[in-house]
Each structure stands twice: as structure tokens, then as C-alpha cells.
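One structure below.
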Amino acid sequence: MKVYPFKIPKPVDEHLIVQIDKEPIFYNRLHQHEEIQISHIINGNGKLLVGDSVHQFSAGDTYVIGSNLPHIFKSIPQEKDAHMVTVFFTDKSFGSDFFMLPYFKDLKQFFFNATTGFKVITNKEIIAQQLIELQSQNRLKRFISFLELLENLSQISTEPLSSFIYSKTLSVNEGERLQEIFDFVLKNFQQSISLDEISKMAFMTPNAFCKFFKQRTNKTFFQFLIELRIEHACQLLSSKKELNINLVSDMSGFNSISNFNKKFKKLKGITPTQYQQSLLQ
DNA sequence: AGACCGCCCACTGTAAAATT
DNA sequence: AATTTTACAGTGGGCGGTCT
């Protein structure tokens, strides 16, 4: 399958695509598409890269990915298949003026939040239920439910996934290059990575690499790397609470606890142990 | 667009102290 | 005892400028 850009397979007269993914792992390429994507994770967990940011996803989460936002659900293989329900559509799916009609004024918040992508925080169950029910409904009912879903998504509180708005679509080459970089980093973040190393694998001089990465993601490579490592640490802390902090720091690619603590607090606002304790409640 | 240079500051790890 | 914070010094990365 082509890395970039991504085309959502669409029947000729279908405007609202409901897709079920149930495979050992999710599609593991960085990709972007015009369609806005609403995805509910039924099973599976891993890291979600959106634009310039790293998040952990797990079963029960619902995400909205805006138009042309590069993203990848990098799942951790498990005994059970990764499983998600997704709705694809564009603001033009029902005619270019459809969502401009005054009836949809209240959906403005949704479309605004979608541009950076967001995670559903409140009313999770209701929204998940609505998404799941879409699968089995006939077209008219599905359309009605879909509008209700958008209404709900406009009213809930959300958490943005990325701070950077992609104004342009990446070229195929740029996409492939970023894909290779992300692949490499996801495999190797537990060891130390130097600028020389990463730029060599991208076939660029260190300087060109810095500029390339910054330009496409709005953050430096090492900022991204730190965020990835801290997200990994969070995953460890939540899945294996018997691990001590020292070990978690090691396993996440940090060479000193002092640095790990510093970076953890800077990104999460609390110390690793506080984070661990907050999960127990 | 990428290569090369150079300055400056952010990040890194060590060690030790403070906090739980 | 384990974890977190602080101080400090050395280094590598960020980035502006300039050239190809």
C-alpha cells in the first residue's frame, strides 16, 4: 500500500464511510487523507502520532483526526486483534455548502477542534456507543445518527492532539522520509540516538535534517524524541506498577534519573510517582 | 533545496543534598 | 531506602547566515 497520500476507499454513491479494522495491528504507516476521521478503539493499545505529537491510545478511547493531519496508530501486538470503528467524511461529503447551512452553526466547535485533532474526554461511553451502532444501521438512520454524533462531539470537552496545523499536504517523498524516520525512532528510542545517526539514516547532513524535521513537524527532532520516551514511560508505569522509577527511566531510553525526572515533570506536570499513584485511584 | 560555518544556549550526566 | 531536586560543567544540538 502507498504511504502517501492516503485514499480512503469509497463506494461511488457513499458519502459516509464506516470502517471496521480488526487485525493483529492497525495500519502502521504514517499517512494523511482529506477525510476527517472519527475512530473508537474497541481493542488494542499503543502510540498515536498526530502531526507533531505523541500520545498513548488504549481500548475505550475515541479520537478525531482532522483533514490532512498526518497520523499513525502504532499498536502493540497482543493476543487479541486490534479493533476499531471509524467514520470517514469530509466537510464537502454532502455538498460543498451543506455544513455551512445555519442549522449546523452549533457544529462549528467540532470542526474547529478537528483541525488539530482531539481526544474525547467526557461522554466517552455515549459517543462510543453511537459510533458502534452506526455499523448496523441503514443509510438514512445512519445519517441521522451521524449528525447526532457530531452534535455530541461539539458539546463535550476535548483534549487537542497536536498544536500544529498542517497547511499543506506533504509530498509522497516527504511522507516516505518522515515514515522512515518515525519507524527508526519507534524501534530505537530505548537506546540513545545522536543527531549524526538519525540524519545519516535520513540521508541528510545533520543541519539539513534539523531543518527538515522542524519545518514538517514544528518541533525539533529531540523534542519529539523526549516526548516519545516520556509517553513510553507512562505506558510502562500504567501497565506494570511494580516497576521502580529507575528501571522505567532506563527502559525509556534515559541515561540518568535526574534527567528523566526533569523531563517527566516538564511534560506531565507531575513526578513519575505521582503519576503512578494517580492511576491507582 | 541542501551544505557548511560558527555562536550560543539547552540539554545531559555526575554528584550530592533534600524530600517522601 | 527510594525518589526527587539542585548545582554545576562540558557538550551537542539549534539555528541564522551564507554559499552552491
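Chain letters run A, B, ... following the sequence lines, proteins first and then strands; every chain starts at 1.
Side-chain contact of A:Asn152 with A:Glu148: a donor-acceptor pair under 3.5 Å is absent, judged by distance alone. Of the N and O atoms on the side chains of A:Ser145 and A:Gln137, at least one donor lies less than 3.5 Å from an acceptor on the other residue.
In this structure, NZ of A:Lys214 is placed 17 Å from P of B:dA1, rounded to the nearest angstrom. Rounded to an integer number of Å, the gap from CZ of A:Phe213 to P of C:dG13 is 14 Å. The CG atom of A:Asp196 sits 10 Å away from the P atom of C:dG12 (whole-angstrom rounding). A:Phe264 has its CZ atom 16 Å from the C1' atom of C:dT5, to the nearest Å. Note: CD1 (A:Ile226) to C1' (C:dG12) measures 13 Å, nearest angstrom. Residue A:Asn255 contributes atom CG, which lies 16 Å from atom C1' of B:dA15 at whole-angstrom precision. In this structure, A:Leu267 places its CG atom 10 Å from P of B:dC11, rounding to the nearest Å. Put simply, CD1 on A:Ile270 is 14 Å from C1' on C:dT3, counting in whole angstrom units.
Below 30°, between 30° and 60°, or above 60°: for A:His31 and A:His33 the angle between ring planes is between 30° and 60°, a tilted geometry. Ring geometry for A:Tyr275 versus A:Phe264: interplanar angle over 60°, hence perpendicular rather than tilted (30 to 60°).
Looking at the side chain of A:Ser256, the nearest of the listed nucleotides C:dT3, C:dC15, B:dG13 is B:dG13. Nearest nucleotide to the A:Cys210 side chain, out of B:dG6, B:dT14, C:dG14: C:dG14. Considering only the side chain of A:Lys262, B:dG13 comes nearest among C:dT3, B:dA3, B:dG13. Of the candidate nucleotides B:dG13, C:dG13, C:dC15, C:dG13 has the atom lying nearest to any side-chain atom of A:Ser194. Side-chain proximity of A:Leu195 to the nucleotides B:dG6, B:dG13, C:dG13 is greatest for C:dG13.
Between A:Asn261 and the phosphate of C:dT5, there is no side-chain N or O to OP1/OP2 separation shorter than 4.0 Å. Residue A:Thr220 places at least one side-chain N or O under 4.0 Å from the OP1 or OP2 atom of C:dG14.
Side-chain atoms of A:Gln135 come within 3.5 Å of backbone N or O of A:Ile132 as a donor-acceptor pair.
Nearest-nucleotide positions on DNA chain B place A:Thr205 closer to the 5' end than the other of A:Thr205 and A:Phe222. Taking for each of A:Ile193 and A:Lys211 the nucleotide of DNA chain C with the nearest heavy atom, the 5'-most of the two is the partner of A:Ile193.
Here A:Asn207 lies in heavy-atom contact (under 4.0 Å) with a base. As judged by a 4.0 angstrom heavy-atom cut-off over every strand, A:Pro272 is placed among residues touching the sugar-phosphate backbone only. Using a 4.0 Å heavy-atom criterion, one finds that A:Lys263 contacts the sugar-phosphate atoms exclusively.
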Practice task
Report the C-alpha distance between A:Phe224 and A:Phe182 in whole Å, list the side-chain angles of each, state the deciding distance to 0.1 Å, and finish with yes or no for ring pair (Phe, Tyr, Trp, His ring centres under 6.0 Å).
Solution key: CA-CA 10 Å; A:Phe224 170 79; A:Phe182 286 140; 5.1 Å; yes
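Side-chain to base pairing of A:Ser258 with B:dT14: one donor and one acceptor N or O lie within less than 3.5 Å of each other.
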